[in-house]
Amino acid sequence: MGHIVVVAEKPSVGRDIARVLNCKEHGDGCLIGSQYIVTWAIGHLVTLKEPDELDPKYKKWSYETLPILPKTIPLKVIPGSTRKQYKIIKDLINSEDTDSIICATDAGREGELIFRYIYMISGCKKSFQRLWISSMTDEAIHDGFRSLRPSTDYDGLFTSAKCRSEADWLVGMNASRAFTLRYNVLLSVGRVQTPTLAILVNRQKEIDQFVPAYYATLTADFGDYTGVYFLKTLDPDTHIPTRDQADLIQKSVIGKTGHIVSAETVQKRDLPPQLYDLTSLQRDANRILGYTAEKTLKLAQSLYETHKALTYPRTDSKYLPPDMIPKVEQTLQRLPAPYHDWIKLAMPEGNIPVTKRTIDASKVTDHHAIIPTTRPAQLEKMSPDEKALFDLVARRTIAAFSPPCEYEATSVVTQIDEHSFRSTGRVILKPGFKTIPPTERNTKRKKAASAETETVLPPLKVGDERKCHKATIKDDMTKPPSLHTDATLLSAMENAGKELEDQELVQQMKGCGIGTPATRASIIERLIQVGYAERAHKAIQPTQKGIQLIGIMPAELTSAVMTGKWELALDRITDGKQDPVRFMEGIERFSSFLVDYARAKSPDTSFPTESRHGSHGKRRSIRQPIQGLVCPLCQKGGIVESPLAFSCTESSTGCAFTLWKDCLTRSGGPEITEKLLRLILEKKELVGSTGTISLKPLQITFMPRDPSQPAIVKSLEYRPKRQQ
């Protein structure tokens with residue numbers, strides 16, 4: 001009897017699966033047991049070919065070769081050190097000793113694509129099954145192997161992943177080339193990143209165009225309570241537009257007796273928060289802990305894979321299916337000591353309450369909400385950042401199953417002549433989920449929470465009288481919108497389209513914003529990487545280049561509507577409700593439109609010489625040579641840095657040296673920085689904790705006729721350490 005080959009997405013996951021399946025013998029890029037062989041990809045091993053690999057005519061960027069609309073986009077094995085791991089997987093799945101295959105890549109659109117591309121390019125024809133799990137505990141892996149699913153259940157998911165990949169290729173390749181040619185500066189344009197940039201640019205325009213306006217508020221002191229002046233014709237109703245008006249009202253009420261004309265007390269309740277999906281977790285981690293969206297995703301992935309403490313993080317659902325109820329109860333009971341006092345809130349009688357806010361099978365997508373696993377969390381083995389993120393999820397999980405916060409809300413209106421003053425009070429009856437304090441990291445949030453507790457008004461009823469002892473005027477100015485943070489930008493991406501006036505379109509886009517929960521963090525980081533946006537402490541703001549880029553783009557590409565419709569279409573393709581061929585035909589038409597727009601309709605503008613922050617925060621022109629570095633190709637010029645690459649100062653006279661900063665990232669290596677470049681040029685070979693970087697003999701793969709266009713120089717190789 002032959003083996004069953006299990007293909008995981010990365011070595012760490014492969015080792016976990018191998019341990020559960022008792023595969024202990026070390027093979028080359030795999031672990032072997034009596035029945036199973038577990039191997040792994042290293043992320044993406046296969047990708048779509050570049051245009052110049054389809055046809056040599058695409059090596060030169062020109063309008064004559066645009067749009068690029070191949071009937072099919074062939075696959076290629078990504079060159080570099082990961083090629084060996086691809087060959088290991090190919091040989092294993094095609095081996096005569098292999099009876100069947102199990103796809104165990106991450107349970108989502110991207111994981112499906114990683115496996116299927118390997119399967120397709122290797123020419124494998126054997127049947128395979130799908131492992132679909134939501135946590136990496138031994139119990140979950142065992143359960144997953146007991147309930148393997150047919151590969152055909154996920155054909156729709158693969159089709160949508162393939163459409164997404166090819167759509168991004170078509171729009172990105174055509175638009176980037178077309179607009180780069182039009183403005184003679186390297187411009188990266190994308191189906192998802194460009195409308196995200198537009199959100200940042202539009203907010204910056206709102207701030208730049210904002211004109212502050214004066215207003216005053218007036219607070220009257222009635223002895224045992226205070227009231228704020230309001231008038232329903234004001235906007236907002238407490239903002240008095242001039243100081244003169246505020247002075248007149250102040251003088252007319254001081255010393256006079258007011259009458260209670262309205263006094264109402266209503267019992268209300270605040271419902272507990274819902275469980276986390278990835279986007280809401282990223283928002284809270286940014287707001288409370290100061291983490292970027294990318295950092296939160298990496299920490300959540302580590303808590304999922306390494307510590308087995310959280311369920312699958314790349315989810316867009318805030319709900320759990322009914323069959324998870326026993327596991328949730330087990331999870332809460334196994335949380336570590338710091339949480340024991342609060343667990344009684346969620347399980348007063350040993351069981352969790354079942355409501356549609358948390359348990360709803362119809363609202364669970366590929367994965368349920370993020371919660372702790374049934375495995376007891378080992379907090380002592382977590383880094384401080386991992387522990388803080390786990391704490392957020394643990395508190396949220398307990399809170400989601402806790403009772404509502406019940407309180408009495410009192411509203412009183414006191415009238416002095418024609419002037420009205422509003423007073424509000426709040427008395428907590430049952431704190432419910434608000435018994436759980438905020439995480440200790442955020443002292444500001446703790447102060448705000450403590451200040452929110454109770455505002456008690458004296459017993460007041462209609463007809464009671466109170467004298468106004470004094471009235472205080474506060475001068476203020478209206479404030480512009482704030483710059484986006486990771487938290488607010490994620491919200492804007494998730495809710496893109498909801499501000500539209502066309503309600504039918506709003507309904508169409510419901511649940512489909514810009515990008516997906518799994519990709520939004522990388523989109524934000526990509527905008528920063530290519531120089532279209534930058535961080536200012538917690539804020540994210542567009543650069544001048546980013547603002548200019550949006551200024552030359554057609555509305556069809558900057559609008560969230562188009563991207564939202566595409567995301568909706570991809571979801572429908574997954575569910576088998578939309579024809580993928582028709583979707584790709586629409587993408588091809590749009591790619592052609594972008595080329596035509598860039599060539600004939602885009603406005604005239606000139607992109608200025610760029611600058612960027614150096615490692616110590618000083619701004620430096622990208623044409624200023626880096627001190628002490630000589631071009632390794634011509635040995636004459638210096639080296640200059642741009643947001644995307646290092647190049648030679650003699651490029652205008654023919655030197656072709658260009659070293660892209662991300663040239664090693666696809667093979668698992670680091671991004672090239674100035675410090676790293678200095679070491680590479682000095683030592684020729686660098687051995688680090690994760691791999692080796694070698695400076696190879698420089699080889700020009702092509703030299704463009706236009707000297708302003710960069711040549712490609714193959715010069716570096718990255719070899720990761722062999723995974724044991």
Side-chain angles (χ1 to χ4, degrees), residues 5-33 36-45 78 80-82 84-86 88-89 92 102-108 110-115 118 130-145 278 294-315 367 370 372-375 377-383 385-387 389-390 518 521-522 665-670 688-691 718-724:
V5 173
V6 181
V7 182
E9 187 165 323
K10 49 183 80 71
S12 59
V13 175
R15 287 193 293 270
D16 286 333
I17 293 173
R19 186 188 67 254
V20 171
L21 297 179
N22 202 30
C23 300
K24 297 180 179 179
E25 181 185 342
H26 285 266
D28 191 8
C30 64
L31 289 162
I32 304 167
Y36 296 96
I37 297 177
V38 179
T39 186
W40 46 79
I42 306 172
H44 284 273
L45 300 182
I78 296 173
S81 56
T82 58
K84 179 184 176 184
Q85 189 62 27
Y86 160 74
I88 289 169
I89 298 173
L92 283 172
I102 295 173
C103 168
T105 49
D106 282 0
E110 207 63 20
E112 193 70 22
L113 191 71
I114 287 171
F115 173 79
I118 294 170
R130 189 56 160 105
L131 176 72
W132 195 268
I133 55 178
S134 289
S135 78
M136 285 301 299
T137 63
D138 289 6
E139 180 187 4
I141 294 171
H142 275 301
D143 288 346
F145 273 90
L278 177 58
E294 182 183 44
K295 179 176 180 177
T296 299
L297 178 55
K298 286 181 178 178
L299 291 170
Q301 198 72 22
S302 174
L303 288 167
Y304 163 68
E305 289 179 10
T306 306
H307 298 284
K308 319 294 187 293
L310 292 186
T311 58
Y312 187 72
R314 297 169 186 260
T315 176
H367 294 280
I370 304 170
T373 64
T374 54
R375 175 173 174 169
Q378 296 177 294
L379 301 180
E380 69 281 359
K381 293 185 178 181
M382 298 179 189
S383 70
D385 288 344
E386 289 171 336
K387 194 182 299 183
L389 193 70
F390 177 83
S522 61
T665 56
R666 282 191 177 183
S667 54
S689 60
T690 60
Y718 176 75
R719 302 189 302 278
K721 281 191 174 179
R722 180 181 172 188
Q723 301 287 347
Q724 296 299 322

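In this structure, Arg375 has no salt bridge (charged side-chain N to carboxylate O under 4.0 Å, His left out) partners at least two apart in sequence or on a different chain.
Here the side chain of Gln85 pairs no donor or acceptor atom with the backbone of Leu45 at under 3.5 angstrom. Although no hydrogens or angles enter the test, the distance criterion places a donor-acceptor pair under 3.5 Å between the side chain of Glu9 and the main chain of Asp106. Under the 3.5 Å distance criterion, the side-chain polar atoms of Glu386 are matched with a main-chain donor or acceptor of Ser383. A donor-acceptor pair is defined here as one N or O able to donate and one able to accept, closer than 3.5 Å; such a pair exists between the side chain of Thr315 and the backbone of His367.
Contact check for His26 versus Leu31: side-chain heavy atoms found under the 4.5 Å cut-off.
We find the OG1-CG distance between Thr137 and Leu310 to be 12.0 Å, quoted to the nearest 0.5 Å. In this structure, OG in Ser302 is found 9.0 Å from CE in Met382, a value given to the nearest 0.5 Å. Within the model, atoms CE of Met136 and CG of Leu303 stand 13.5 Å from one another, a figure rounded to the nearest 0.5 Å. The CG atom of Leu299 sits 10.5 Å away from atom CD of Glu294, with the distance rounded to the nearest 0.5 Å.
Donor-acceptor pairing under 3.5 Å is lacking for the side chains of Glu110 and Thr105.
The heavy-atom pair separating Ser135 from Thr373 by the smallest distance is CB-CG2, 3.8 Å. When all heavy atoms of Thr39 and Cys30 are compared, the pair lying nearest together is CB-CB, 4.0 Å. Heavy atoms only, all atoms of each residue included: Pro313 and Gln301 are closest at CG-OE1, 3.3 Å. The minimum heavy-atom distance between Gly108 and Trp132, with the atom names listed, is N-CH2, 3.6 Å. Nearest heavy-atom pair across Gly144 and Ile133 is CA-CG2, 3.7 Å. Residues Tyr312 and Ile370 share a closest heavy-atom pair of O-CG1, 3.9 Å.
At a threshold of 4.0 Å, the pair Lys308-Asp138 does not count as salt-bridged, since none of the basic side-chain nitrogens sits closer than that to a carboxylate oxygen. In summary, Lys10 and Glu305 engage in a salt bridge, as defined by a charged side-chain N under 4.0 Å from a carboxylate O.
Of the residues Val38, Ile37, Asp28, the one that meets the side-chain contact (heavy atoms from CB on, under 4.5 Å) test with Leu92 is Ile37.
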Quick one: do Phe145 and Val6 satisfy side-chain contact (heavy atoms from CB on, under 4.5 Å)? Show the steps, please. CA-CA 11 Å; Phe145 273 90; Val6 181; 4.2 Å; yes

side-chain contact (heavy atoms from CB on, under 4.5 Å) for Thr296 and Leu389? Distances and angles first, verdict last. CA-CA 8 Å; Thr296 299; Leu389 193 70; 3.9 Å; yes

In sequence, state the C-alpha distance, the side-chain angles, and the governing distance for Leu379 and Phe390, and then conclude on side-chain contact (heavy atoms from CB on, under 4.5 Å). CA-CA 9 Å; Leu379 301 180; Phe390 177 83; 3.8 Å; yes

Stepwise side-chain contact (heavy atoms from CB on, under 4.5 Å) check, Trp40 with Ile17: CA-CA 10 Å; Trp40 46 79; Ile17 293 173; over 6 Å; no

